[in-house]
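For reference, the structure is listed below as structure tokens.
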Amino acid sequence: MNLQFTQEEQEFQKTIRAWMRENIPEEISRISALGEMPEKSQQQQWEKRLGKQGWLAVTWPEQYGGPGWTATQRYLFDLERAMAGAPPVSPFGVAMVGPVIYTFGSAEQKERWLPGIASGETLWCQGYSEPNAGSDLASLKTRAERKRDHYLVNGQKIWTTQAHWADMMFCLVRTDPDAKKQQGISFLLIDMNTPGIEVRPIYTIDGHHHLNEVYFTDVKVPLDNLVGKEGMGWTIAKFLLTHERTTIAGVADSHYALARMKMAIDEAPYYIDKQQARRRVAELEVELMALEYTNFRTVAATDEGRPFGPESSGLKIKGTELQQKMSQAMVEMGGLMSLVWDSSSAVGNESFNHSPRRYNFLRACTIYGGSNEIQKNVLAKMLLGL
Amino acid sequence: MNLQFTQEEQEFQKTIRAWMRENIPEEISRISALGEMPEKSQQQQWEKRLGKQGWLAVTWPEQYGGPGWTATQRYLFDLERAMAGAPPVSPFGVAMVGPVIYTFGSAEQKERWLPGIASGETLWCQGYSEPNAGSDLASLKTRAERKRDHYLVNGQKIWTTQAHWADMMFCLVRTDPDAKKQQGISFLLIDMNTPGIEVRPIYTIDGHHHLNEVYFTDVKVPLDNLVGKEGMGWTIAKFLLTHERTTIAGVADSHYALARMKMAIDEAPYYIDKQQARRRVAELEVELMALEYTNFRTVAATDEGRPFGPESSGLKIKGTELQQKMSQAMVEMGGLMSLVWDSSSAVGNESFNHSPRRYNFLRACTIYGGSNEIQKNVLAKMLLGL
Amino acid sequence: MEFNLSDNTTMVADTARRYLKDHYGFDTYMQQLNQLNHCDPSRWELMRELGWFGLPFPESVGGYGGDLIDVAMIVREAGAVLCLDPYVDLVIGPGKLLEYLGTERALKVLQSIVDDDERVACALYDYHAGYNILKPSLSINGSKLSGRKNFVPDGGCANRVLTTAMLGDELTLVLVPLEGCEVTRYRGLDGSRLADVLFDDVVIDEEMILSRGVKVERAVSKAVAWLQALDCARMYGAASALYQRTLDYAKTRKQFGAPIGSFQVIQHYLVDMFTDLQQLESMLFMVSVKADLDDTLEREHACSATKAYYADKGVKIAQQAIQIHGGIGVTEELDIGHYFRLMTYCSLTHGHGDYHLDRIAALGEECDRG
Amino acid sequence: MEFNLSDNTTMVADTARRYLKDHYGFDTYMQQLNQLNHCDPSRWELMRELGWFGLPFPESVGGYGGDLIDVAMIVREAGAVLCLDPYVDLVIGPGKLLEYLGTERALKVLQSIVDDDERVACALYDYHAGYNILKPSLSINGSKLSGRKNFVPDGGCANRVLTTAMLGDELTLVLVPLEGCEVTRYRGLDGSRLADVLFDDVVIDEEMILSRGVKVERAVSKAVAWLQALDCARMYGAASALYQRTLDYAKTRKQFGAPIGSFQVIQHYLVDMFTDLQQLESMLFMVSVKADLDDTLEREHACSATKAYYADKGVKIAQQAIQIHGGIGVTEELDIGHYFRLMTYCSLTHGHGDYHLDRIAALGEECDRG
């Protein structure tokens with residue numbers, strides 16, 4: 001049992017901290033300080049800067065462009081990234097389709113797609129959910145019919161985050177309509193500029209445009225864009241679910257949110273009962289600590305080459321619950337200042353003015369990627385044997 | 001909309017208050033002030049005193065010995081009873097078997113049993129649950145075989161509150177073993193002094209003896225002791241579940257618990273952060289108020305001869321949850337003083353010393369009479385149509 | 001005790017429901033969301049025709065002498081259809097304030113609100129003073145009013161503003177034309193229109209000072225009690241709509257080959273929503289009577305208890321409605337998320353949960369001493 | 001960072017588990033519940049033979065120089081089998097206090113605890129001072145000790161008592177023979193043996209005063225950090241046992257023709273218990289390292305966070321275990337209810353949840369200033 005970071009790790013952390021301080025664009029950290037998210041151009045500029053430094057695809061093996069860091073280093077990097085006010089890297093390229101391609105893809109596919117992800121050039125989105133396949137993903141209907149030299153894709157995806165930013169989509173499609181539910185699903189890479197694709201925005205209750213509906217009408221996708229074999233889609237999707245668990249808890253960004261909350265309380269000029277507010281912060285701090293040390297155990301296991309233990313199973317549930325609690329606390333502490341929706345100038349403390357947007361946005365975090373109810377169903381079955 | 005008690009009701013309340021002050025034995029109110037419950041002799045002495053006054057079977061029609069009060073008067077009576085530190089009347093006679101007998105019983109049965117209940121002479125207990133029929137009551141197995149001039153009862157009941165005090169038990173038994181689950185169940189009155197009955201104590205985690213197991217070995221019960229017809233047991237049990245809803249929320253006793261809590265905080269000599277404690281009391285007070293006004297609606301409906309509306313459906317769930325929360329708050333506020341289990345003299349404030357016993361005891365209140373989970377299942381089905 | 005609505009109140013509520021259903025709803029709401037202007041004049045006139053403007057005011061000023069419960073039933077229905085028109089903020093709020101002041105001048109202004117489309121906004125809050133309505137930061141020095149008010153509902157659409165200010169150590173109520181002030185408009189979380197008003201050495205003549213001292217404190221405290229009760233009425237309307245929509249959704253939305261309402265966990269969520277809703281209704285009835293009491297202790301205790309309870313359970317119902325709806329629940333396209341915004345908004349106006357719990361604790365001590 | 005137990009600690013834990021399983025369990029617990037006496041002398045001797053008495057103490061006093069984590073793993077196993085023997089209260093508590101004092105006299109007493117079956121109880125609390133261990137109500141005036149200590153664990157079974165008292169404004173640690181004191185015994189909520197000790201003008205000679213001032217404050221604060229960590233270790237053992245028993249019960253207990261563990265609501269309850277348990281384990285590892293740090297801020301922050309977290313989630317697990325068990329869960333016949341008592345007890349010793357949240361808030365401010 002050794003809960004200290006090594007001397008080397010601490011040095012590493014210092015290096016990252018210094019680099020972040022110098023390299024994060026001020027406009028981005030200003031946006032983060034309000035609990036908001038950057039625009040596409042800002043996000044991509046930032047990811048490219050990381051890419052140039054070789055720090056974008058940090059989870060990848062070195063042969064594909066990863067920096068060769070330990071899980072602990074990745075954790076420290078993520079922490080310093082968050083605390084410096086930079087947004088998380090978009091997960092679709094680096095965390096999702098990248099590992100799929102280097103694990104299941106052909107040599108050509110690796111060569112063709114991985115460099116663009118690692119450099120931040122190519123932006124990806126994820127085509128999983130459909131109107132009638134939300135929690136019940138295996139019910140998806142989007143059809144990819146195999147023609148002589150292409151797949152013909154027809155159907156609709158929904159809740160597609162950043163589809164309006166993306167160059168590429170990785171997509172679950174049904175290649176065999178006669179096979180049983182989970183079978184007959186394949187994993188396809190689709191160029192978002194292909195004719196027949198229409199992206200329609202969905203605005204979320206934070207007032208922003210993150211999500212989309214994506215319609216496919218006779219979209220031709222080259223056969224080469226199939227990853228793995230036909231029918232392997234479900235296996236690949238499951239692989240991703242259990243892949244990287246060391247940042248799923250959102251510990252780094254919750255630390256940042258907690259720090260913002262403390263600062264907002266300290267700066268609050270007036271009627272907030274500060275003692276009471278600090279007590280509420282203490283409660284959240286305790287929960288974050290429990291999550292963080294559970295997360296550390298997953299990080300340590302990764303560094304020792306051990307598989308994720310049962311301790312990692314609750315990370316997503318607990319992490320998202322905590323994010324929601326924190327954003328709600330921020331709104332409630334703000335009192336009247338949280339009534340503001342779209343003022344161009346600050347009314348009191350600006351972080352409180354923006355707090356409802358984040359609070360609203362985070363209502364989704366217990367829903368997407370498998371709602372917490374679905375997560376619990378799965379855990380009850382897989383882990384508890386119920 | 002008129003939320004005042006009438007002049008008459010207020011006079012009534014004053015009369016009751018004065019009577020209670022004069023008639024409640026001091027030892028009983030002392031016990032209540034600690035959150036404890038009286039012994040059999042104390043309880044029965046108290047119930048007889050009420051009986052003598054004609055105030056024991058307060059929900060009964062006048063023809064059977066009820067005082068002819070409105071539901072509002074009954075509410076006020078119950079409130080004054082609780083606030084004066086008297087225990088609730090044992091429900092098995094007055095609230096349960098009494099109404100069954102005057103609704104379903106024969107003239108002979110009414111004459112034979114009702115007077116003893118209304119006077120507090122006869123103590124009853126309820127023989128429903130069995131080891132394998134808890135939440136799933138319809139699975140009960142205790143067998144009553146019809147012989148020439150008696151039923152022969154064999155089987156076992158469990159969780160039988162006050163069986164060791166009781167003269168009589170009303171009991172669900174299976175008279176037709178071939179009928180389907182809910183059918184074939186009958187409602188039988190059993191004299192607890194009949195040979196073949198063995199009562200074994202079950203101690204609960206408050207350290208007291210409230211519950212029992214009751215074993216029946218070839219117990220002969222007169223045929224006259226069947227209420228209604230054979231096979232009507234389930235109907236009668238369901239009748240009881242929806243019968244009297246105006247005190248099921250436990251509002252009166254929760255008011256008393258809240259008052260005790262406030263007093264304990266005021267008297268707490270020392271380190272308790274009183275402001276914080278009062279804030280916690282305020283939270284409980286708000287929840288009690290919501291419960292109370294919902295309860296008032298049920299009381300008002302009763303007085304207007306209207307059926308219970310949907311507002312009454314959550315009373316048991318909310319009421320028991322609140323009782324648990326209050327008892328937990330009492331323990332937590334007590335801090336070190338709540339560490340005490342069996343000191344014969346007070347260590348600091350005696351109410352806090354006794355708080356863990358009540359806290360422990362009340363863990364059962366979300367379980368008995370149909371666990372809150374079962375209540376929710378039923379509401380989802382019956383009321384929400386799910 | 002008796003919880004039935006009078007025939008009169010029932011009629012008011014039924015009319016309101018019909019009228020609001022015809023003229024409001026999600027489409028109207030979405031249109032209004034994109035305007036910073038005041039509500040449609042024809043709808044405003046319709047409200048006047050329905051008698052809402054004079055409803056809770058004395059006949060002497062052209063009113064009908066109705067009760068808080070009448071207004072509460074209207075506001076409840078308004079909450080249920082996401083109505084954003086500023087009936088409460090430009091009529092009830094300033095109207096009750098003026099009525100409670102009761103001076104000739106005040107009643108004259110009230111009469112013009114009831115009859116003449118006079119638009120008066122109330123400026124009770126600034127972010128320094130927070131919920132402490134008796135100690136605003138704004139002050140009058142040497143007959144000049146200077147300072148700032150925030151969160152003034154429909155402050156951008158009014159002609160005049162009724163604002164509290166300190167004159168020495170006395171709370172004072174001043175009626176100021178808005179022309180001479182710097183008004184910054186923005187939208188509130190619920191889609192309503194807010195404004196900050198900067199008073200930059202506005203010269204105050206005696207005419208503009210309506211009253212001062214204990215009388216103002218009492219009027220403000222009583223008027224805010226109405227507003228607190230009406231916050232809850234609005235939240236109840238929203239909670240009720242949310243519950244009903246979510247129940248319907250659970251019955252029709254299928255996943256894993258069955259309606260999601262067939263899953264036990266969803267069933268229990270819905271039962272919790274339902275039982276909470278029942279208790280919210282009980283509290284609404286209670287506060288609709290007690291928020292109008294003269295007894296300060298009982299009035300404030302009732303208002304604080306209800307606001308605290310709504311801030312807790314109303315918000316929980318809205319959160320749960322989103323969770324059960326899943327993805328669709330967090331989109332702007334569906335009304336669910338907008339009810340959620342309304343609920344958060346109302347949980348923060350006129351005192352949030354913590355404020356009211358503290359007030360109850362303090363009132364309790366006062367009771368004990370008394 | 002590295003969360004593996006060392007070979008040595010693993011061995012200690014495994015031995016403890018085996019030993020405790022052989023000698024403790026529900027039957028032993030129930031026997032002990034009916035005795036106000038000290039534990040069985042043969043079991044006590046076995047603990048000594050296992051090396052537990054000297055485990056975390058320096059070799060100079062006959063100890064083995066082990067770590068807090070070693071003791072924590074023993075106490076965790078002890079919690080899991082409802083062990084009531086006062087290993088922590090009569091060995092670890094007084095031992096660490098004496099070790100941290102570090103004077104020759106203190107170490108001599110420590111040595112006699114390790115080697116000679118000396119029984120020393122710690123009297124740190126009285127109900128006036130509450131959790132404030134640095135300002136006890138007991139005081140020494142004119143070389144006479146007078147006043148009362150409460151909640152002294154196993155105070156009825158010890159020869160001497162290490163008690164804090166104020167000498168002027170200095171915190172002082174005094175070692176007093178118990179013969180001359182009035183001792184009132186009672187049982188604690190968890191079944192352990194507590195005592196009140198009345199010091200009725202007990203004459204204190206210089207010999208009895210072990211130390212005073214800042215040194216005592218520091219020693220008390222560090223020793224109590226150990227006790228706080230060990231509270232959590234005991235609670236973890238209980239929580240883990242509760243979870244496992246409840247899971248097993250859910251798989252076997254049938255209602256409505258199916259195991260209750262097949263109902264979705266029960267499944268989610270159990271998943272919540274499981275994920276909480278995982279986080280409780282993480283916090284236990286954390287506090288087992290940090291409660292022994294010299295850095296006051298980090299040590300106290302870690303202890304308070306863990307105690308607060310356990311007071312919340314540990315207790316919730318126990319409540320849920322009872323609820324899932326139903327009727328049988330509230331009986332004295334089953335161990336479930338007794339684990340619940342243990343959990344409540346430990347959530348109140350050495351600071352309850354609120355106390356620790358306040359301390360974290362206060363430490364945070366200190367951090368900010370520093």
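Within every chain, numbering begins at 1; the chains are lettered A, B, ... in the order of the sequence lines, protein sequences first and strands thereafter.
- The shortest side-chain heavy-atom distance between A:N360 and C:R341 falls under the 4.5 Å cut-off.
- Environment of CD in C:E333: crowded, with over 12 heavy atoms of neighbouring residues, nucleotides or ligands closer than 6.0 Å.
- When the shell of 6.0 Å around NZ of A:K40 is examined, it contains more than 12 heavy atoms from other residues, nucleotides or ligands.
- In terms of non-hydrogen atom pairs under 4.5 Å with chain C, the most contact-rich of A:S338, A:S135, A:S139, A:S371 is A:S135.
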Between C:F263 and A:E373, is a side-chain contact (heavy atoms from CB on, under 4.5 Å) present by the stated rule, with each step listed? CA-CA 10 Å; C:F263 297 109; A:E373 286 74 24; over 6 Å; no
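- For A:I374, the part lying near chain C is the side chain, with the backbone staying farther off; criterion is any non-hydrogen pair under 4.5 Å.
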C:F151 and A:V340: CA distance, side-chain angles, deciding distance, side-chain contact (heavy atoms from CB on, under 4.5 Å) verdict: CA-CA 8 Å; C:F151 322 110; A:V340 175; 4.0 Å; yes
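- At most 12 heavy atoms of other shown residues, nucleotides or ligands fall within 6.0 angstrom of atom CD in A:Q275.
- Side chain of C:Q323 to backbone of A:T366: a donor-acceptor contact under 3.5 angstrom is found.
- C:Q319 and A:Q328 form a side-chain donor-acceptor contact under 3.5 Å, judged by distance and modelled atom types alone.
- Within the 4.5 Å cutoff, no side-chain heavy atoms of C:V265 are placed close to those of A:K376.
- Contacts of C:Y125 with chain A are made by side-chain atoms alone, with heavy-atom separations under 4.5 Å and no backbone atom involved.
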Could you please spell out the steps behind the side-chain contact (heavy atoms from CB on, under 4.5 Å) verdict for C:I328 and A:W159? CA-CA 9 Å; C:I328 191 85; A:W159 316 128; 3.9 Å; yes
I'd like to know whether C:I336 forms a side-chain contact (heavy atoms from CB on, under 4.5 Å) with A:I205, so could you lay out the CA-CA distance, the side-chain angles of the two residues, the decisive distance to 0.1 Å, and finally the verdict. CA-CA 9 Å; C:I336 298 297; A:I205 52 172; over 6 Å; no
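- Judged purely by atom type and a 3.5 angstrom limit, C:Q255 uses its side chain to pair as donor or acceptor with the backbone of A:D136.
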